[in-house]
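One structure is given below, encoded as structure tokens.
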Amino acid sequence: MKKLEELVRPNIWNLAPYSSARNEYSGHAAHVFLDANESPYNKPYNRYPDPLQTELKAKLAKIKGVPAEQIFLGNGSDEAIDLCYRIFCRPGKDNVVAIEPTYGMYKVCADINEVEYRPVLLDDSYQMKAGKLLQACNERTKLIWICSPNNPTGNNIDRNEVAKVLGAFGGIVVIDEAYSDFSSQKTFRSEIALYPNIIVLNTMSKAWANAAIRLGMAFAGKEIIDLFNKVKYPYNVNLLTQEHAIEALDERIDVEKWVTTLLLERGRLMKSFLDLPICKAVYPSDANFFLAKMTDAQAIYNYLVESGIIVRNRTKVALCKDCLRITVGNKAENNELLSVLRQY
Ligand SMILES: *Cc1c(COP(=O)(O)O)cnc(C)c1O
């Protein structure tokens with residue numbers, strides 16, 4: 001890996017971050033807070049929340065097996081994705097490389113930040129080769145985006161190939177493990193100590209069933225996390241989210257049960273899809289959704305909408321012609337989807 005200073009935008013490397021009232025005060029137990037122009041009324045919502053989410057991170061550190069100082073929390077993983085660009089990529093100069101197809105936000109955030117986005121097509125089984133990704137890089141490539149299990153394809157990306165990229169690339173490799181709770185493959189989150197150039201993303205939005213509260217995570221070496229904390233909005237995770245997340249983390253047993261149920265339902269749904277005359281193939285999935293190749297994705301999508309059922313039409317995405325992406329719902333929802341499709 002190149003030196004971190006060479007990878008970070010100079011303005012960010014030299015940035016003196018905003019120092020909030022809550023940052024500056026630390027130490028003695030205080031009980032009179034007249035430092036932040038808050039109202040003394042309407043407790044507890046009158047106070048600014050903890051800018052570094054200390055209590056929540058302590059809990060997450062245990063569950064995720066990563067020290068608290070190596071965790072960044074944001075307003076969804078989407079905030080972490082955007083921060084990667086704002087920290088590392090000089091607008092109009094630097095570029096990023098990503099597997100294709102993949103999660104759309106990597107490209108949207110590249111466009112917003114005026115950063116060249118270089119997609120590298122997966123093969124027919126939605127797998128990537130490290131060499132092909134590395135070939136797309138030049139000296140101005142700051143980030144490589146790898147999503148595993150990948151969205152919208154659903155499959156894990158070959159672990160050995162990802163490890164090769166991590167070892168060979170001089171810049172930062174971001175591995176989005178939003179769906180790793182649904183997969184039995186070893187995570188890269190558990191190996192961040194092995195790679196100085198890794199950032200791993202997780203989210204509360206999928207297996208943890210808390211998309212509404214907007215909480216995403218980045219795991220990386222402390223130096224990289226310090227950069228995230230320097231650039232983020234001071235109070236980027238609000239009090240309601242922090243409190244609710246702490247409660248949700250105490251109910252891990254529910255999450256395990258939900259995952260088990262969803263995986264069983266996924267198996268049943270995929271099998272039933274294969275029996276539909278309008279389904280030509282289903283692709284292997286390590287996530288809570290799967291990709292199905294249909295006879296006519298657009299027409300079937302429209303038909304489902306008429307019945308009040310929304311799936312994701314991916315027909316315009318590279319390598320996904322006539323594919324629908326089906327999120328696994330509860331048993332009743334899945335049954336309704338199947339019965340409506342059988343009447344097509
Ligand atoms: C859904 C999803 C996320 C989650 O984003 P949040 O902003 O945390 O809700 C992240 N990455 C991928 C690949 C996803 O599919």
Side-chain angles (χ1 to χ4, degrees), residues 53 56-57 60 63-64 71-86 96-110 112 117 119 122 126 128 143-157 162 172-183 185 187-189 198-220 228 232-233 236-238 240-242 244-245 248-249 255 258-259 262 266 283 285-291 310-314 317-320 323-329:
Q53 311 95 23
L56 176 51
K57 278 183 190 163
L60 272 171
I63 291 168
K64 300 286 185 178
I71 304 175
F72 160 81
L73 298 181
N75 188 338
S77 334
D78 290 343
E79 183 183 359
I81 292 167
D82 188 53
L83 280 171
C84 287
Y85 287 101
R86 293 169 62 205
V96 305
V97 164
I99 58 172
E100 173 83 357
T102 194
Y103 185 45
M105 279 306 285
Y106 314 143
K107 164 96 169 48
V108 170
C109 288
I112 289 170
Y117 186 84
L122 296 170
Y126 298 138
M128 116 198 161
L143 310 172
I144 294 182
W145 293 96
I146 297 172
C147 183
S148 179
N150 190 25
N151 178 5
T153 62
N155 60 303
N156 272 316
I157 301 298
V162 179
I172 302 288
V173 182
V174 191
I175 304 177
D176 190 341
E177 296 186 330
Y179 299 98
S180 61
D181 294 288
F182 299 102
S183 164
Q185 181 172 290
T187 61
F188 278 96
R189 185 190 74 236
I198 198 172
I199 297 175
V200 172
L201 304 182
N202 274 190
T203 178
M204 291 288 281
S205 301
K206 307 291 156 63
W208 287 83
N210 268 292
I213 71 170
R214 310 305 302 132
L215 190 72
M217 292 148 240
F219 306 94
F228 275 82
K232 77 181 184 73
Y233 292 153
N236 61 328
V237 180
N238 71 65
L240 300 173
T241 295
Q242 293 189 43
H244 184 85
L249 291 178
V255 175
W258 292 333
V259 168
L262 286 172
R266 184 185 74 193
Y283 297 94
S285 169
D286 300 291
N288 65 332
F289 62 87
F290 64 93
L291 206 55
I310 315 299
V311 298
R312 195 92 153 116
N313 182 7
R314 299 283 76 186
V317 170
L319 304 178
C320 297
C323 287
L324 297 178
R325 192 192 69 190
I326 314 290
T327 306
V328 180

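Numbering of ligands and ligand atoms starts at 1, following listing order.
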When distances are taken from atom 15 (O) of ligand 1, the protein heavy atom at minimum range is Y179 OH, 2.6 Å

Across all chains, not counting sequence neighbours, the side-chain contact (heavy atoms from CB on, under 4.5 Å) partners of K57 are L52, Q53, A68, I71, L73, N229

Short N/O distance, under 3.5 Å, between N75 and ligand 1?
no

In this structure, OH of Y117 is separated from OH of Y85 (nearest 0.5 Å) by 6.0 Å

Among non-hydrogen protein atoms, atom 5 (O) of ligand 1 lies closest to S77 OG, 3.5 Å

Per-atom filter on ligand 1: closer than 4.0 angstrom to a heavy atom of D78 are 5 (O), 7 (O)

Looking only at protein heavy atoms, what sits closest to atom 9 (O) of ligand 1 is S205 OG, 2.7 Å

**Report entry** G216 backbone acceptor or donor facing E79 side chain under 3.5 Å
**Finding:** no

re atom 7 (O) of ligand 1, the protein heavy-atom contact at minimum distance is R214 NH2, 2.7 Å

Note to self: Parallel, tilted or perpendicular, judged at 30° and 60°: which one describes the rings of Y103 and Y106?
What the structure shows: perpendicular

Evaluate side-chain contact (heavy atoms from CB on, under 4.5 Å) for T187 paired with V200, printing each intermediate quantity in order.
-> CA-CA 9 Å; T187 61; V200 172; over 6 Å; no

heavy-atom search around atom 12 (C) of ligand 1 in the protein gives D176 OD2, 3.4 Å

Among E177, M217, M204, K206, closest by heavy atom to atom 1 (C) of ligand 1 is K206

Sorted by chain and residue number, the side-chain hydrogen bond (donor to acceptor under 3.5 Å, both in side chains) partners of D181 (sequence neighbours excluded) come out as none

Strictly under 4.0 Å, does any heavy atom of C147 approach an atom of ligand 1? yes

When F290, F289, W208 are each screened for ring-ring contact (aromatic ring centres under 6.0 Å, His included) with Y179, the one that passes is F289

